[in-house]
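Note sheet for the following structure.
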Amino acid sequence: MGGKLLALALTLLLALGLAACGGGDGGESGGAVTAAGPSGFRTRSPGVLTVGTELPNPPFVLGDDLDHLKGGFEVDMVDAIAHRLGVKRVQWVSFPFTKLVDGDPCPCDFDVNGVSILPDRQQRVDFSSPYFTANQGVLVRKGTAITGVADARRLRFGVQEATSGAAYLERILKPVPPPRTYGSTTAAFTALRDGQVDAVMSDVPIVVDAAGRYPGLTVAGQFKTDEQYGAVLAKGSPNTRPLSQVIDQLREDGVLDRLFQKYFPEQVDIPSLG
């Protein structure tokens, strides 16, 4: 075989060998390795980062349709994550919060939904490095006076089921009237407006946003819990470490601080209730 033909044959063999090695099962459900460089993050679908959440979730996810989102803290953060992983497209999918924290498998690479990192949840799912810190806020109708724990315990609270707010009411605050649980914060806000409950317990950013959207409601105060949000992955996911590394980079580079300033521009002086 001549020199040129031999070189061409070797080139073809090398290309075929690389193609054979480039498949494999990819991510957690048969995806392919993305252009993520040394991170090792694997997506379910080649070139697509699939992220789960549940609407409504303002101001972290803004919009009524996952196909036409208008921004939000977590939306912008996910875009930054995708960019650093070298993934060109983000695909959002709907997945219920209650199923997520119960450990049900999400058809996504990871989920973001303002999920607090709690020990009981860590037994069922993996969490990334934290990307946000929040306290528990109390939303009431205007004219409702709360000055401390004693006042709060006399109220009938509404709360979204399976949330850290529900856990705080049950384990820490222990109000005298049993709290009423709802499938979403929106349902709890509606119950508050209709007079079915006296207050709603939820994360401070959520109740602050609700007070701005619902006339007649206001934030009475907060309980300092310093909860940290993390992205949720399947238990034992090989993507947990590389995702955490990217989130750590976003924090170190000031990206998360800039997003906080963008979506929470005013430092609301919310009184502490105890």
Side-chain angles (χ1 to χ4, degrees), residues 52-64 66 72-75 92-104 106 111-122 124-125 127 132-141 144 146 152-153 155-175 177-214 216-232 263 270 273:
T53 194
E54 183 180 32
L55 297 178
N57 185 25
F60 294 95
V61 179
L62 300 176
D64 301 320
L66 288 177
F73 183 97
E74 289 176 338
V75 173
W92 290 87
V93 297
S94 180
F95 194 72
F97 179 90
T98 52
K99 289 186 177 181
L100 179 69
V101 295
D102 279 343
D104 289 2
C106 174
D111 191 293
V112 289
N113 200 7
V115 186
S116 297
I117 303 172
L118 301 177
D120 59 331
R121 293 174 179 173
Q122 288 177 307
R124 299 185 288 271
V125 298
F127 283 97
F132 194 91
T133 302
N135 295 321
Q136 285 298 314
V138 179
L139 186 71
V140 297
R141 292 184 296 277
T144 302
I146 306 177
R153 283 179 174 156
L155 301 178
R156 183 178 293 279
F157 278 88
V159 66
Q160 182 182 1
E161 61 183 333
T163 60
S164 54
Y168 187 84
L169 289 172
E170 178 184 356
R171 302 171 187 174
I172 307 297
L173 187 61
K174 299 179 180 179
R180 293 177 177 172
T181 57
Y182 298 89
S184 68
T185 53
T186 300
F189 297 152
T190 300
L192 176 60
R193 294 178 66 191
D194 293 345
Q196 298 173 13
V197 295
D198 303 315
V200 170
M201 176 79 75
S202 190
D203 297 359
V204 166
I206 296 174
V207 296
V208 168
D209 179 79
R213 292 187 296 113
Y214 295 94
L217 301 185
T218 187
V219 180
Q222 64 178 321
F223 293 96
K224 190 173 178 60
T225 54
D226 288 330
E227 299 165 35
Q228 294 185 314
Y229 295 171
V232 181
Y263 289 102
I270 303 175
L273 298 175

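Atom set for the values below is all heavy atoms of this structure, side chains included, hydrogens, waters and symmetry mates excluded.
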Applying side-chain contact (heavy atoms from CB on, under 4.5 Å) between L192 and each of V200, T144, D198, report the one that passes.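 Going through V200, T144, D198 one by one, the side-chain contact (heavy atoms from CB on, under 4.5 Å) with L192 is satisfied by V200 alone.
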Heavy-atom closest contact ([X] atom, [Y] atom, distance):
X	Y	answer
L155	A199	CD1-CB, 4.0 Å
D209	P59	CB-CD, 4.0 Å
G230	F127	O-CD2, 3.8 Å
L173	M201	CD2-CE, 4.1 Å
T225	A134	OG1-O, 3.5 Å
P175	L169	CD-O, 3.5 Å

Please identify each residue that fulfils ring-ring contact (aromatic ring centres under 6.0 Å, His included) with F157, with sequence neighbours left out.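 Not a single residue meets the ring-ring contact (aromatic ring centres under 6.0 Å, His included) criterion with F157.
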Residues that Y168 engages under ring-ring contact (aromatic ring centres under 6.0 Å, His included), provided they are two or more places apart: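 Expected list: F223.
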Is the backbone of [Y] close enough, under 3.5 Å, to the side chain of [X] for a donor and an acceptor to pair up by distance?
X	Y	answer
Q228	I117	no
R124	V101	yes
Q222	I270	yes
R121	V232	no
R156	P178	yes

Does the side chain of [X] reach to within under 4.5 Å of the side chain of [Y], using non-hydrogen atoms?
X	Y	value
L66	S94	yes
F132	P205	yes
V112	Y229	no

What distance separates I206 CD1 from T185 OG1, expressed to the nearest 0.5 Å?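 Going from the CD1 atom of I206 to the OG1 atom of T185 covers 6.0 Å.
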Given E74, which of N57, T53, N113 fulfils the side-chain hydrogen bond (donor to acceptor under 3.5 Å, both in side chains) condition?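 Of N57, T53, N113, side-chain hydrogen bond (donor to acceptor under 3.5 Å, both in side chains) with E74 is met by N57 alone.
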What residues form a salt bridge (charged side-chain N to carboxylate O under 4.0 Å, His left out) with D226, not counting sequence neighbours?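 Partners of D226 under the salt bridge (charged side-chain N to carboxylate O under 4.0 Å, His left out) test: K224.
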Does a donor on one side chain sit under 3.5 Å from an acceptor on the other, for Q136 and D203?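 A pair is found: one side chain offers a donor N or O, the other an acceptor, under 3.5 Å apart.
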Is D64 atom CG crowded by more than 12 heavy atoms from other residues, nucleotides or ligands, each under 6.0 Å away?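 No, the 6.0 Å shell around CG holds no more than 12 heavy atoms from other groups.
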